Structures are given as structure tokens and as C-alpha cells.
Amino acid sequence: MRDPEKRIWEAVPPGGWAQMGGRVARQERAVRTRKAILEAAGTVFAEHGYAGATIFDVYSRCKVTKGAFYFHFASKVELAQAVLDEQVGGQIGYLEVPPGEQTVKFQEVLDIGQLVAYRLTFDRMLQGSIRLAVDQAHEIDRRVPYQAWIDLHARILTEADALGELVAGTDVNAAAQMIVGAFSGVQLMSEVMSDRKDVEERIAVLYRNLARAVATPEVFARLEISADRGKRLMARVERAVQERESVTQGAR
């Protein structure tokens, strides 16, 4: 067996540790630049939509050079698709509610939606991706976020159905599409009517009515549906993240 220390030294590039450190620094800088571009793009798309946004708007907003922008994204289409993908990968992963408060599986469906409703009041990346998802932009694949949300809801509903939480005979795939479609429509109406100032209350009203149709009466009585539920869930998620970071730093 080869000496582990020898293998480490053999992995060091000819320029030594300094060159390796420089390479890592460049990679970290590239990651930060890409994130900054995506965040700026979310804001620009939220404000102007796909058709009204320009690449100049984006790289000017995040203060990167034109060359730096094109290093990461070849076109506005590619950028918009990346923002949509961020909603699917980044947002859904972040919005998964940690275990602790849910007393029934069906509560997870409601908690995810209520958390999204709260984040829509301030999260520009999420606002931008939502606008892209409803804009009539044929160059991008707008089905991606919808299908991802439908699949997520169908998975949770299937588990809830197996636990006897849903009304007998419920078609979980149809229910998943109904919930996602209704949420999309209500949040869009809230944007038009009040600039999303009442989106949390409107979603709470929607979910109370949808839950009555899908959940059994016993399960419905145990659900928590309120306009401030998303805000409280967000605070809990942030605490969980801080606790994990503290543990990680303490282990170093």
C-alpha cells in the first residue's frame, strides 16, 4: 500500500501549494460570481419579465463585466433557464420543512405552499422564477418548475394516502396538479391585485378549502393553516441552518 502522505504530495501541482490555493480561490470566486448573476437576474426578471429584461440589465445590476457574464451564461435563454432550475433545485431543497411540528403527513403539502407564499413577499430570485414560469416566453422550458412541484406534491400525497389521511378514492396525481395549479393562479392574482401584499392570506384561504376536499375530516381538524404559518416556518428553518453551521464550525 502506498504511503498516504506521499500520495498527497504527488497530487500537489508543479507550482506547489500556492498554485493549488490560487486555483481554489478562483473556483470560489467563480461560484460567487455565478450566484451574484443569478440573484441579479431574478430581480431583473421579476421587474421586467423575460421579454423586457436584457443581459446588460443583469450584469450591470450585479456589477460584473460583460466577459464575466458570458463566461457563465451564453445567452438570455440559458440564463432564464438557470433561474428556473434554481427554483426547482435550490428553492425546493430549501423549502423542505424539517421534521418536528407536523402531526400529519398532509401538513407537509400545506407547509411547503405556505412557506413559498411567505418567501414570495421578499425573495427576488423566487419572484423572478415565478414570473418566468408564467411569462409567454417560448424560448425557455416553463414546464420544468411546474412538473417538479407536481411531482413533489404527488409524492407527499401518496405517502399521506397510504396513512389513510386522504378522502377515499382520491386521485393523488390529479390532486397534486389541482393544488399546484390553484396556488399558481392565486399568487398571480395576488400580484395583480395587491403586489402580493395579501398573498399569504389568499393562499391560506385557498388551502383551507382544498384541504376540506382532499383530507379526511379527522385530519382536517388537526391541520394548521394560517396567514402567518409561512413566516413562523421560515424562522424555524433559519434557526435549524444556524444550528447546523454552529455544529460544523465547532467540529473544525
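Being a predicted model, the structure only gives us computed values, none of them experimental. Just so you know, residue 1 is the first one in the sequence shown, and it goes up from there.
- With 3.5 Å as the limit, one finds a donor-acceptor pair spanning the side chains of Gln127 and Arg124.
- Rounding to the nearest 0.5 Å places CZ of Phe183 at 13.0 Å from CZ of Arg202.
- The shortest heavy-atom contact between Phe73 and Ala82 is CE2-CB, 3.6 Å.
- There is no path of hydrophobic side-chain contacts, each under 4.5 Å, that joins Val205 to Leu210.
- With a 4.5 Å cut-off on side-chain heavy atoms, Leu206 and Ile203 count as touching.
- Residues Phe122 and Leu233 fall within the same hydrophobic cluster, defined by Ile, Leu, Val, Met, Phe, Trp and Tyr side chains chained together at heavy-atom separations under 4.5 Å.
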For this session: Given side chain to side chain contact (heavy atoms under 4.5 Å, CB included), test Trp149 with Ser184 step by step and report yes or no.
Result: CA-CA 11 Å; Trp149 281 109; Ser184 300; over 6 Å; no

For this session: Kindly indicate, with the supporting measurements, whether the criterion side chain to side chain contact (heavy atoms under 4.5 Å, CB included) is fulfilled by Glu159 and Glu165.
Result: CA-CA 9 Å; Glu159 295 175 14; Glu165 296 179 3; over 6 Å; no

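- Around the CZ atom of Arg143, the shell of radius 6.0 Å holds no more than 12 heavy atoms that belong to other residues, nucleotides or ligands.
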For this session: Report the C-alpha separation of Glu39 and Thr43 in whole Å, then their side-chain angles, then the decisive distance to 0.1 Å, and conclude whether the side chain to side chain contact (heavy atoms under 4.5 Å, CB included) test is met.
Result: CA-CA 7 Å; Glu39 289 176 348; Thr43 299; 6.0 Å; no

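- Annotation: Met189, atom CE; neighbour count of heavy atoms from other residues, nucleotides and ligands within 6.0 Å is above 12.
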For this session: Verify side chain to side chain contact (heavy atoms under 4.5 Å, CB included) between Leu188 and Glu191, making sure each step is shown before the conclusion.
Result: CA-CA 5 Å; Leu188 181 59; Glu191 181 185 15; 3.7 Å; yes

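- Side-chain heavy atoms closer than 4.5 Å link hydrophobic residues (I, L, V, M, F, W, Y) into clusters, and following such links, possibly through other members, connects Phe220 to Val172.
- Look at Glu47 and Arg131 and you find no salt bridge, because none of the NZ, NE, NH1 or NH2 atoms lies under 4.0 Å from a carboxylate O.
- Atom CG of Asp85 and atom CD of Glu78 lie 10.0 Å apart (nearest 0.5 Å).
- The line from CD of Glu218 to CG of Leu223 is 11.5 Å long, rounded to the nearest 0.5 Å.
- Checked by atom type, the side-chain pair Gln177/Asn173 shows no donor-acceptor distance below 3.5 Å.
- Not one N or O on the side chain of Lys105 forms a donor-acceptor pair closer than 3.5 Å with the backbone of Asp161.
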